[in-house]
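Working notes, beginning with the structure itself.
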Amino acid sequence: MKKIAFLIWGLAFGLISYGQNRISLSDSATVDLPAGMQKINHEDALSFAGKQFNNEPIIMRAVARRKMESIFRAKNVLVSLHTEKVSVTEGHLVQLKKGFDEWHKRDSTYSANLEKINGNDVLVISYINGNVANFSFFLYNVKYTRGVSGVLEFNKTDKNDATLILNHILQTVSLKD
């Protein structure tokens with residue numbers, strides 16, 4: 001009997017705690033943050049990038065120009081997210097991928113994949129600048145009226161952590177139609 005009560009308590013606690021890290025990115029987008037992911041301001045992002053990426057000029061310029069409203073730090077990964085109301089056609093991500101493929105055709109570190117995750121269409125791009133690796137993604141709802149895009153920057157040695165963070169974000173984004 002005690003085992004059943006403990007199991008029920010554990011299940012109830014799990015259901016109550018599920019979604020406690022769920023945040024609103026906008027009035028139309030929410031996401032569950034991975035454990036340990038913290039929102040930081042633009043200055044903290046620049047400081048983190050300077051220390052973490054040895055002031056890599058390309059990354060420092062990119063972070064300095066970044067206008068994304070939600071910047072986070074998770075372990076040794078800098079995560080920037082942006083939401084948008086869009087009006088694009090269903091083939092938009094295919095065309096975007098073709099453009100990125102052409103732009104990076106001589107870059108052996110580049111890859112791009114189109115996926116469908118929880119009904120959302122997603123383009124994930126990966127490449128390396130110096131010692132800094134990058135995941136970028138574009139995610140659109142089924143009607144192509146709402147989107148979330150993001151950039152994850154990390155040292156090549158932190159690729160496993162960055163992959164887990166990226167997958168968690170892509171699996172938990174929720175967009176209103």
Side-chain angles (χ1 to χ4, degrees), residues 16-88 93 96 100 103-104 109-110 112 115 117-118 120-141 144-177:
I16 291 168
S17 64
Y18 178 76
Q20 281 187 331
N21 290 330
R22 190 147 197 90
I23 65 159
S24 290
L25 297 173
S26 70
D27 62 340
S28 63
T30 60
V31 66
D32 282 341
L33 297 181
M37 191 161 149
Q38 305 169 17
K39 189 168 186 172
I40 60 175
N41 63 34
H42 198 255
E43 292 76 29
D44 289 340
L46 283 169
S47 175
F48 173 76
K51 291 175 190 168
Q52 187 66 26
F53 309 130
N54 297 316
N55 289 310
E56 181 82 34
I58 292 171
I59 301 304
M60 295 306 294
R61 281 192 303 272
V63 173
R65 289 191 309 250
R66 194 149 297 151
K67 300 288 187 215
M68 295 188 176
E69 60 271 2
S70 298
I71 302 176
F72 302 88
R73 177 182 173 186
K75 298 187 180 186
N76 292 325
V77 180
L78 186 63
V79 180
S80 303
L81 302 173
H82 175 73
T83 60
E84 58 190 328
K85 187 174 182 178
V86 294
S87 178
V88 294
L93 289 178
L96 193 58
F100 279 116
W103 181 265
H104 289 277
T109 69
Y110 166 82
E115 304 176 47
I117 301 174
N118 296 329
N120 297 314
D121 287 336
V122 182
L123 171 61
V124 177
I125 299 164
S126 173
Y127 60 91
I128 298 172
N129 272 323
N131 288 319
V132 181
N134 178 299
F135 289 141
S136 297
F137 70 87
F138 303 86
L139 180 146
Y140 294 111
N141 66 357
Y144 277 76
T145 56
R146 304 280 183 185
V148 174
S149 57
V151 178
L152 286 75
E153 289 146 328
F154 51 95
N155 286 318
K156 294 185 285 188
T157 56
D158 294 315
K159 184 175 183 179
N160 289 340
D161 286 338
T163 301
L164 290 172
I165 293 165
L166 173 67
N167 289 337
H168 184 92
I169 291 169
L170 296 177
Q171 288 291 329
T172 64
V173 164
S174 177
L175 296 170
K176 292 181 183 177
D177 287 336

>> Run Thr83 and Leu81 through side-chain contact (heavy atoms from CB on, under 4.5 Å) and show every step you take.
In response: CA-CA 7 Å; Thr83 60; Leu81 302 173; over 6 Å; no
> Stepwise, does the side-chain contact (heavy atoms from CB on, under 4.5 Å) test hold for Leu166 with Ile169?
Replying inline: CA-CA 5 Å; Leu166 173 67; Ile169 291 169; 5.6 Å; no
> Going through the checks in order, is the side-chain contact (heavy atoms from CB on, under 4.5 Å) test met by Val148 and Val31?
Replying inline: CA-CA 10 Å; Val148 174; Val31 66; over 6 Å; no
>> For a side-chain contact (heavy atoms from CB on, under 4.5 Å) check, start with the C-alpha distance between Ile40 and Leu78, then their side-chain angles and the critical distance, and finish with the verdict.
In response: CA-CA 10 Å; Ile40 60 175; Leu78 186 63; 3.9 Å; yes
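In Asp44, the CG atom is crowded: over 12 heavy atoms of neighbouring residues, nucleotides or ligands sit closer than 6.0 Å. More than 12 heavy atoms of other residues, nucleotides or ligands sit less than 6.0 Å from atom CD of Glu115.
Checking side-chain atoms of Thr163 against main-chain N and O of Lys159 turns up a donor-acceptor pair under 3.5 Å. In terms of modelled atom types and a separation under 3.5 Å, the side chain of Asn141 and the main chain of Lys176 share a donor-acceptor contact. Asn155 places a side-chain N or O within donor-acceptor distance of the main-chain N or O of Gln52, the cut-off being under 3.5 Å. With Asp121 contributing its side chain and Tyr140 its backbone, the two residues share no donor-acceptor pair below 3.5 Å.
Under the rule for a side-chain contact (heavy atoms from CB on, under 4.5 Å), the partners of Lys39 that lie at least two apart in sequence or sit in another chain are Ser70, Phe72.
The CD1 atom of Ile165 sits 10.0 Å away from atom CZ of Phe135, with the distance rounded to the nearest 0.5 Å. Distance CG/Asn41 to CG/Leu46: 9.0 Å, rounded to 0.5 Å. A distance of 11.5 Å separates OG in Ser87 from CZ in Arg146, rounded to the nearest 0.5 Å. Atom CG in Asn167 sits 10.5 Å away from atom OG1 in Thr172 (nearest 0.5 Å). In this structure, CD1 on Ile58 lies 4.5 Å from CG on Asn129, to the nearest 0.5 angstrom. To the nearest 0.5 Å, atoms OG (Ser80) and CD (Glu153) are separated by 6.0 Å.
Considering every non-hydrogen atom in both Glu56 and Gly130, the closest pair reads OE2-CA, 4.2 Å. Closest heavy-atom contact between Asn76 and Phe48: C-CZ, 3.6 Å. Residues His42 and Val63 approach most closely at NE2-O, 2.9 Å, considering heavy atoms. Between Leu152 and Ala162, the shortest heavy-atom distance links the atoms CD2-O, 3.7 Å. Looking at every heavy atom in both residues, Ala112 comes nearest to Leu123 through CB-CD1, 4.2 Å. Counting all heavy atoms, side chain and backbone alike, Leu170 lies closest to Leu139 at CD2-CD1, 3.9 Å.
Aromatic rings of Phe100 and Tyr110 (six-membered ring for Trp) have centroids beyond the 6.0 Å cut-off, not under it.
Side-chain contact check for Ser126 versus Val124: every heavy-atom pair is 4.5 Å or farther apart.
Only one option out of Tyr127, Phe154, Phe53 pairs with Val132 in a side-chain contact (heavy atoms from CB on, under 4.5 Å); it is Phe53.
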